[in-house]
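Note sheet for the following structure.
Every heavy atom of this structure was used, including side-chain atoms; hydrogens, water molecules and symmetry mates were not. FYI, the numbering just counts along the sequence from 1.
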Amino acid sequence: MNLYDRIPNNVNLAEDPRLQRALEKWLPDYLDWWREMGPAGFQEKDVYLRTAISVEPDGWAHYDYVKMPDYRWGIFLTPPEPDAKIGFGDNHGKPAYQEVPGEFRNPLRRIVVTQGDTEPASVEQQRRLGHTCPSLYDLRNLFQVNVEEGRHLWAMVYLLHGYFGRDGREEAEELLRRRSGDLDKPRILQAFNQPCDDWLNFYCFTMFTDRDGKYQLCALAESGFEPLARTCKFMLTEEAYHMFLGEAGVGRIVRRSAQLMKESRNGDARELGGVPLDIIQKYINFWYSYSLDLFGGEISSNSADFFAAGLKGRFKEQEQYSDHLAADGVFTLMVVEDGKLAPREVPLRNALNEILRHEYVKDCEKGLARWNKALNDAGLSERLYLPSPRFHRHVGEYAAHSFDLEGNLISQPEFESHQSDWLPSIEDREYVRSLMQPVTEIGKIANWIAPPTAGVKGKPFEFEYVRL
């Protein structure tokens, strides 16, 4: 098997023997990790998957049956821009970095490692979900997300091996040693240590947590370190499908719950084996709040330093902003002072995490609007909503305080007394798990979720997406 068959790429890997040897040495360790921590029980099954083969918009992916350990994880970067410039920060307008600038080596490595750590973590979180799939269509989509998260790990490992020398190689090895939820070696970010052990969790995770990934990748796609920017631009092509699955998946659960509520004499989806809207809301509250944490603190010297160095920009930095220095502005946010919420002005660069989070919130609200349209179309008055960004936070200005769903400051005992009303209780999780009975007959689907409106790549829903 030649190099391209082992590691598909458009980075001239064959012309860099040192990098080639390093990645070929890492590949067996990666496959060992995949067999241990990838989808449990399905490694030898043929799955109808798309595989990235180029960066051309009209033909970037190939669809066919493949066994997941044989998936061709590749390294693809969008084409370089002639005379690329740093688009923001103190070095705005200077030539883009083609190598790691020495003074920014540590923060840049931290950015790459943190992004890279999220990719295998989500595979680990979801490794047992296949055994409770609601349909072959959903099973295939789970595996598509898993193999693409694996490819995104390859994308970050390429940068570590290619640009950071020995410590980059060591970091790449550590990415395979940490484990989601492990007490001794957990993943770096807490959202990626939470259990994702049922399909409502999975679809909320891909709706909210993968959507954070979109905004982080968009900010990094603006980077003045051009290899990182080009890597992230192509990753966004795949990430869009993950978010679609999340929004559509929760929407399908909402649609089915609405149908069952209409059919039930008491208007209770639970009576007919569906997921009640109040449990869906609790899962939204849980995953949305943990995903908000992923942006970092509301007031952040790191965000200011990353921006100043030209390493991480704002969402659509070039499209949405005319001032790419952000040196003089201020941003007003609410903080807790003397036991009360009060406004505080902070330098704009120190508030860039919060500015990125605002963009994310607006995007999430669009998904909620579509779910609520389904409820309205079913003739129901109930509505789903996003809690306050201050609710249930573990990072930033609000982490040391308790808030209700509307963002009002409350005491810790008050929060604890309402916790089972606002977040999934053990009983809620056990009920959802009780619905998770596998449906693997072609064209059939579990009772608690509606079928999709379309299949994959022109295939019908009644297609053998996974050969069991």
Side-chain angles (χ1 to χ4, degrees), residues 30 32-43 47 68 71 73 113-134 138-154 156 174-214 216-217 235 238-239 241-247 249-250 253 282-294 392 394-395 423-424 426 428-430 432-433 435-436 438:
Y30 170 81
D32 287 344
W33 167 81
W34 180 268
R35 291 188 180 97
E36 179 192 353
M37 300 306 298
F42 294 91
Q43 300 282 352
V47 186
M68 284 183 280
Y71 190 81
W73 288 283
V113 168
T114 303
Q115 180 63 44
D117 193 70
T118 68
E119 314 296 354
S122 61
V123 177
E124 294 165 357
Q125 287 172 291
Q126 299 156 14
R127 67 183 303 262
R128 298 191 184 280
L129 275 178
H131 296 290
T132 57
C133 64
D138 292 281
L139 184 62
R140 176 262 171 209
N141 290 340
L142 166 68
F143 296 155
Q144 185 70 63
V145 170
N146 292 160
V147 295
E148 289 181 348
E149 301 294 19
R151 203 203 69 74
H152 294 176
L153 172 60
W154 271 90
M156 294 296 111
E174 284 298 305
L175 289 171
L176 299 178
R177 292 185 182 136
R178 287 187 285 271
R179 294 288 184 268
S180 175
D182 189 277
L183 293 177
D184 298 317
K185 296 203 76 170
R187 291 296 173 180
I188 295 170
L189 301 173
Q190 278 307 303
F192 293 90
N193 290 307
Q194 303 304 314
C196 190
D197 52 3
D198 64 59
W199 284 77
L200 180 54
N201 270 324
F202 172 66
Y203 281 129
C204 285
F205 179 95
T206 44
M207 166 66 187
F208 294 111
T209 310
D210 276 335
R211 196 168 302 275
D212 159 78
K214 166 189 170 179
Q216 301 297 342
L217 290 174
M235 288 169 70
E238 293 166 316
E239 198 74 27
Y241 184 67
H242 306 181
M243 293 182 296
F244 159 76
L245 290 180
E247 184 182 322
V250 177
I253 298 171
K282 292 180 192 181
Y283 274 64
I284 291 170
N285 296 344
F286 180 89
W287 284 107
Y288 175 68
S289 58
Y290 266 109
S291 300
L292 289 172
D293 283 345
L294 296 173
H392 191 232
H394 303 83
V395 171
L423 295 167
I426 292 174
D428 294 330
R429 294 186 182 278
E430 287 179 347
V432 173
R433 278 198 290 269
L435 302 179
M436 300 291 118

*What distance separates Thr114 OG1 from Ile188 CD1, expressed to the nearest 0.5 Å?*
4.5 Å
*Geometric cation-pi criterion, Arg179 with Phe192: 6.0 Å, 45°*: no
*Going through the distances and angles, do Glu149 and Glu238 end up as a side chain to side chain contact (heavy atoms under 4.5 Å, CB included)?*
CA-CA 9 Å; Glu149 301 294 19; Glu238 293 166 316; over 6 Å; no
*asked:* Less than 4.5 Å apart, side chain to side chain, heavy atoms only: is that true for Val123 and Met37?
replied: no
*Side chains of His152 and His242: closer than 4.5 Å at any heavy-atom pair?*
yes
*Student check: side-chain heavy atoms of Val147 and Arg151 closer than 4.5 Å*: no
*With no hydrogens and no angle check, is any side-chain donor or acceptor of Asp210 less than 3.5 Å from a backbone partner on Met243?*
no
_Side-chain heavy-atom pair Cys133, Phe202 within 4.5 angstrom cut-off_ = no
*With rounding to the nearest 0.5 Å, note down the distance linking CE in Met68 to CZ in Arg35.*
12.0 Å
*Check for a donor-acceptor pair, side chain of Arg187 on one end and backbone N or O of Arg178 on the other, with a separation under 3.5 Å.*
yes
_Just to verify, what does Tyr30 make a ring pair (Phe, Tyr, Trp, His ring centres under 6.0 Å) with, not counting sequence neighbours?_
Trp26, Trp33, Trp73, Trp154
*Does a donor on one side chain sit under 3.5 Å from an acceptor on the other, for Gln194 and Trp287?*
no
*Verify, without hydrogens or angle tests, whether Asn193 (side chain) and Gly181 (backbone) share a donor-acceptor contact under 3.5 angstrom.*
yes
_Value rounded to 0.5 Å, distance of CE in Met207 from CG in Leu200_ = 12.5 Å
*Quick one: are Leu217 and Glu239 in side-chain contact, heavy atoms under 4.5 Å?*
yes
_Working for side chain to side chain contact (heavy atoms under 4.5 Å, CB included), residues Leu129 and Asp197_ = CA-CA 6 Å; Leu129 275 178; Asp197 52 3; 5.5 Å; no
*Hey, what's the ring geometry for Tyr203 with Trp199, parallel, tilted or perpendicular (30° and 60° as the breaks)?*
tilted
*asked:* Looking at Glu36, is its backbone amide N or carbonyl O close enough to the side chain of Arg127 to form a donor-acceptor pair, meaning the two atoms are under 3.5 Å apart?
replied: yes
_Minimum heavy-atom distance between Pro120 and Leu175, given as atom pair plus value_ = CG-O, 3.9 Å
*Report the C-alpha distance between Phe42 and His131 in whole Å, list the side-chain angles of each, state the deciding distance to 0.1 Å, and finish with yes or no for ring-ring contact (aromatic ring centres under 6.0 Å, His included).*
CA-CA 9 Å; Phe42 294 91; His131 296 290; 5.2 Å; yes
*Any side-chain donor paired with an acceptor under 3.5 Å for Asn201 and Asp198?*
yes
*asked:* Can you give me the closest heavy-atom contact between Asn146 and Pro39, atom names plus distance?
replied: OD1-CG, 3.3 Å
*Mind checking the CG-NZ spacing from Asp428 to Lys282? Nearest 0.5 Å is all I need.*
3.5 Å
*Nearest 0.5 Å, what's the CG-OG1 distance between Leu435 and Thr132?*
10.5 Å
*Are the side chains of Met156 and Met235 in touch, meaning some heavy atoms are under 4.5 Å apart?*
yes
_Would Leu176 and Leu153 count as a side chain to side chain contact (heavy atoms under 4.5 Å, CB included) here? Give the steps._
CA-CA 10 Å; Leu176 299 178; Leu153 172 60; 4.1 Å; yes
*Heavy-atom donor-acceptor pair, Thr209 side chain to Thr206 backbone, under 3.5 Å*: no
_Point-to-point distance, once rounded to the nearest 0.5 Å, from OG of Ser289 to CD1 of Ile284_ = 11.5 Å
*Is there a side-chain contact between Leu423 and Tyr283 (heavy atoms, below 4.5 Å)?*
no
_Phe205 side chain reached by Gln126 side chain, heavy atoms, under 4.5 Å_ = yes
*For Glu124 and Ser180, indicate whether the former's side chain and the latter's backbone hold a donor-acceptor pair under 3.5 Å.*
yes
